[in-house]
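Both counts, for ligands and for their atoms, begin at 1 and track the order of listing.
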Amino acid sequence: MGIAKFEIRRKCMVCGEPFMAKTIESWYCSPRCSKIAYKRRRDEEIRHSKLDVIVRKIPKSQEYVKVSEAYALFGISKDTLYRLIRKGKIPYVNAGKKMIRVSKTELMKMYPLRKHPLKKEKPEPKLYSLEPKNCYTINEMCKKYHMNDSTAYMQIRKYSIPTRQIGNYVYVPKKEIDNLYKSEAK
Ligand SMILES: [Zn+2]
């Protein structure tokens, strides 16, 4: 028997064109699109690093922050901030022209801190339903995602997807499998 080959139809995450992914980590149709994606990730990285620098410079005890600091902290735009101010939703001080400061504590109550998109967060413990009605059999999984069963088992092992055997059937949670292949082109 030959080596199981992974091939799945997906939409390119950059141009949206359908393509045949050769590995589970292939998300782009061409070297050109992966280059674009790489550049975008790098630009995002740089943008966030610059904002991180601003955040680090804000003294912890400082209650009122500049508009640019609020953006660095929470990722909320100038327009949004001014709207909040106009509507009286947020305490502010005006120390002169272009010197508006807004309450950090109040913003904290309204917005989560800006998230670094590339920083890995602790995965939440997952709850699986292994009731057959919430599961695919391996056969159904193969049919739905166009793979043979050795590829299916390989993926299940690789992603530590729980399985349950009842009689001759092996069940895998639908939600997990669908999540894994959710970018598959329709
Ligand atoms: Zn593409």
Side-chain angles (χ1 to χ4, degrees), residues 1-56 67-81 83 111-130 133-163 170-186:
M1 220 173 79
I3 297 163
K5 215 170 133 208
F6 179 89
E7 213 169 58
I8 193 159
R9 215 170 134 82
R10 267 186 186 153
K11 271 183 193 158
C12 174
M13 302 266 278
V14 170
C15 70
E17 284 298 310
F19 71 105
M20 295 308 285
K22 294 277 188 286
T23 72
I24 191 110
E25 279 96 11
S26 320
W27 298 104
Y28 313 107
C29 70
S30 60
R32 189 178 164 272
C33 280
S34 4
K35 245 188 217 163
I36 293 172
Y38 172 77
K39 196 182 172 302
R40 282 183 191 166
R41 274 199 304 274
R42 206 190 44 197
D43 290 351
E44 262 301 88
E45 180 81 42
I46 293 168
R47 194 175 74 83
H48 279 274
S49 309
K50 284 181 181 164
L51 293 175
D52 289 343
V53 171
I54 298 175
V55 169
R56 277 197 297 272
V67 173
S68 58
E69 291 171 336
Y71 177 68
L73 279 166
F74 305 100
I76 46 174
S77 72
K78 206 165 137 180
D79 287 349
T80 307
L81 261 185
R83 201 176 313 128
Y111 294 97
L113 290 173
R114 171 178 54 90
K115 279 207 187 88
H116 204 296
L118 301 165
K119 269 183 196 154
K120 288 248 157 68
E121 289 179 26
K122 270 189 197 159
E124 284 182 24
K126 284 179 186 164
L127 292 172
Y128 298 107
S129 167
L130 285 170
K133 67 174 165 55
N134 298 321
C135 290
Y136 294 124
T137 61
I138 297 299
N139 213 344
E140 286 166 346
M141 173 183 168
C142 291
K143 251 193 204 151
K144 181 156 187 190
Y145 292 107
H146 317 290
M147 58 178 81
N148 59 34
D149 54 356
S150 51
T151 307
Y153 280 112
M154 223 170 60
Q155 298 297 323
I156 287 165
R157 267 199 309 278
K158 185 169 177 190
Y159 292 94
S160 312
I161 291 165
T163 57
V170 174
Y171 293 91
V172 285
K174 272 182 190 167
K175 230 169 109 183
E176 286 308 299
I177 302 300
D178 291 340
N179 273 343
L180 201 54
Y181 303 113
K182 66 184 164 194
S183 293
E184 189 209 15
K186 293 266 149 53

Excluding sequence neighbours, so at least two apart, what forms side chain to side chain donor-acceptor pair (under 3.5 Å) with Asp79?
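Not a single residue meets the side chain to side chain donor-acceptor pair (under 3.5 Å) criterion with Asp79.
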
Side chain to side chain donor-acceptor pair (under 3.5 Å) partners for Lys39, two or more places apart:
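Lys39 satisfies side chain to side chain donor-acceptor pair (under 3.5 Å) with Asp43 only.
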
Ignoring waters, how many N, O or S atoms from the protein are under 2.8 Å from the Zn ion (ligand 1)?
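Protein heteroatoms (N, O, S) closer than 2.8 Å to the Zn ion (ligand 1) number 4.
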
Are the side chains of Cys135 and Leu130 in contact, using a 4.5 Å heavy-atom criterion?
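Touching, per the 4.5 Å side-chain cut-off.
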
Show me the pairs that pass salt bridge (charged side-chain N to carboxylate O under 4.0 Å, His left out) and involve residues 150-162, at least two apart or across chains.
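Residue pairs passing salt bridge (charged side-chain N to carboxylate O under 4.0 Å, His left out), neighbours aside: Glu25-Lys158.
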
Side-chain donor-acceptor pair present, Asn148, Tyr153, cut-off under 3.5 Å:
no

Compute whether any side-chain donor of one residue and acceptor of the other, for Ser49 and Asp52, lie under 3.5 angstrom apart.
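Ser49 vs Asp52: no donor-acceptor pair found between side chains.
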
